[in-house]
2 protein chains.
Amino acid sequence: MGLTKSEMFTRSQNELAGIAKVLGHPARIAILQEIIKSKSCICGDLVQEVGLAQPTISQHLKELKNIGLIKGDIEGTRVCYCINTKKWEEVKQLFHSFFDTHIPMNDDCC
Amino acid sequence: MGLTKSEMFTRSQNELAGIAKVLGHPARIAILQEIIKSKSCICGDLVQEVGLAQPTISQHLKELKNIGLIKGDIEGTRVCYCINTKKWEEVKQLFHSFFDTHIPMNDDCC
DNA sequence: TTCATTTATCGTAATATTGCAATAAACAAT
DNA sequence: ATTGTTTATTGCAATATTACGATAAATGAA
């Protein structure tokens, strides 16, 4: 089969996993870092910098846009991508909350 | 093809993406939360709680163990899983560092 | 208009992931 | 030794992801 219904899990579990999944590819991490680094946000330069073919980069950008982490501004034939800082903060907070859940000490094992 | 060589990316890009990938499934998020919630760490109870077949849970546990987020203690026929707090803190810090990179304001677009 | 530039989309091949039934392996209890 | 319990592994089918060539779509420049 290979399909788990999302109804099996809570909304927040699906949300966090969905975002983590998009972050789960080094090219997309590289794209985000490159957008941040190049203060003025970049476009097809990502193809040069990341080293994947243009359609591939475009596809990764689409996924990052889908979860709202980046925005794209059309400027003539070019598209200027940049971080959506509002969403960036939200996602930061999401991971923060997840990892800050207190881990109780365990005497029984481990 | 469908394969990007990991040599294309930095060590830390691959590391972060690799961990995010494992977190990128709601069942694995649910498993982590359940382990945390059940103070005394649990075993095959996860099958009951998460609602997937035993081999599926076992497989997800394996992936979580691979990145070191959980440990498994064999206790007779049972295996007691719990959070590897040391690694947990490391991963928390990893995401923290990633999301805390300063996002420069952009006047050009977006 | 015609040509060059840039990005998105389509189509497709290669690969990876997911889920589970069947089964093995390890142990406890009788 | 046999039985029951628990977990890991194997094998496989269904699906998803990834990468890229080809192509379309949109714009700017000549």
Side-chain angles (χ1 to χ4, degrees), chain A residues 1-9 13-14 17-31 34-35 41-67 70-82 109-110, chain B residues 1-9 13-14 17-31 34-35 41-67 70-82 109-110:
Chain A
M1 311 285 172
L3 230 185
T4 311
K5 288 169 193 68
S6 64
E7 302 89 54
M8 292 185 62
F9 305 101
Q13 283 167 345
N14 283 315
I19 292 167
K21 190 176 193 173
V22 173
L23 295 177
H25 194 294
R28 291 192 286 263
I29 298 291
I31 287 172
E34 186 61 32
I35 291 178
C41 60
I42 42 172
C43 329
D45 303 338
L46 288 163
V47 175
Q48 289 296 315
E49 291 297 330
V50 179
L52 288 168
Q54 183 269 319
T56 308
I57 295 291
S58 196
Q59 203 174 329
H60 284 309
L61 285 167
K62 192 178 178 183
E63 296 200 61
L64 288 167
K65 218 162 43 172
N66 279 342
I67 61 168
I70 62 174
K71 291 187 285 187
D73 244 29
I74 300 172
E75 293 185 345
T77 60
R78 299 163 164 235
V79 177
C80 177
Y81 285 101
C82 55
C109 70
C110 302
Chain B
M1 311 281 175
L3 228 184
T4 312
K5 288 170 193 69
S6 64
E7 303 90 53
M8 293 184 62
F9 305 101
Q13 283 167 345
N14 283 316
I19 292 168
K21 191 175 192 175
V22 173
L23 295 177
H25 194 294
R28 291 192 285 263
I29 298 292
I31 287 172
E34 185 61 33
I35 291 178
C41 59
I42 43 171
C43 330
D45 303 337
L46 288 163
V47 175
Q48 289 295 316
E49 291 297 329
V50 179
L52 287 168
Q54 182 269 319
T56 307
I57 295 291
S58 196
Q59 202 174 330
H60 284 308
L61 285 167
K62 193 178 178 181
E63 297 199 60
L64 289 167
K65 219 163 41 173
N66 279 343
I67 61 168
I70 62 174
K71 291 187 284 186
D73 243 30
I74 299 171
E75 292 185 345
T77 59
R78 299 164 164 236
V79 178
C80 177
Y81 285 101
C82 54
C109 72
C110 303

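Just so we're on the same page: letters track the sequence lines, and every chain starts at 1.
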Pairing residues for A:E49 by the salt bridge (charged side-chain N to carboxylate O under 4.0 Å, His left out) criterion, not counting sequence neighbours: none

Is the distance from OP1 or OP2 of C:dC20 to the nearest side-chain N or O of B:T56 less than 4.0 Å? yes

B:I57 CD1 to D:dT7 P, straight-line distance once rounded to whole Å: 11 Å

Rounded to whole Å, the NE2-C1' distance (B:H60 to D:dT9) equals 16 Å

Nucleotide D:dT6, atom P - distance to CG of B:D73 in whole Å: 18 Å

Could you label the plane-to-plane angle of the A:H25 and A:H60 rings as parallel, tilted or perpendicular, counting under 30° as parallel and over 60° as perpendicular? tilted

Sort me out a list of protein N/O and nucleotides 1-8 of chain C N/O pairs below 3.5 Å, or just none if empty.
unit_1	atom_1	unit_2	atom_2	d
C:dT6	OP1	A:R78	NH2	3.2
C:dT7	OP1	A:G44	N	3.1
C:dT7	OP2	A:G44	N	3.3
C:dA8	OP1	A:Y81	OH	2.4
C:dA8	OP2	A:S58	OG	2.8
C:dA8	N7	A:Q54	NE2	2.7
C:dA8	N6	A:Q54	OE1	2.9

Does A:D73 have any side chain to side chain contact (heavy atoms under 4.5 Å, CB included) partners at least two apart in sequence or in another chain, and if so, which? A:C80, B:C109, B:C110

For B:E63, what residues pass the salt bridge (charged side-chain N to carboxylate O under 4.0 Å, His left out) criterion, not counting sequence neighbours? B:R28

B:L52 CG to C:dT17 P, in whole Å, measures 17 Å

Interatomic distance where CG belongs to B:L23 and P belongs to C:dT18 [whole Å]: 12 Å

Got a sec, which residues hit side chain to side chain contact (heavy atoms under 4.5 Å, CB included) with B:S58, two or more places apart in sequence or on another chain? B:Q54

So, using side chain to side chain contact (heavy atoms under 4.5 Å, CB included) as the criterion, who are the partners of B:I67 when residues are at least two apart? B:I19, B:V22, B:L69

What integer distance in Å separates B:N66:CG from D:dT9:C1'? 14 Å

Residue closer to the 5' end of DNA chain D, A:K21 versus A:E75 (nearest nucleotide): A:K21

Please report, rounded to the nearest Å, how far the P atom of D:dT17 is from the CD atom of A:Q59. 10 Å

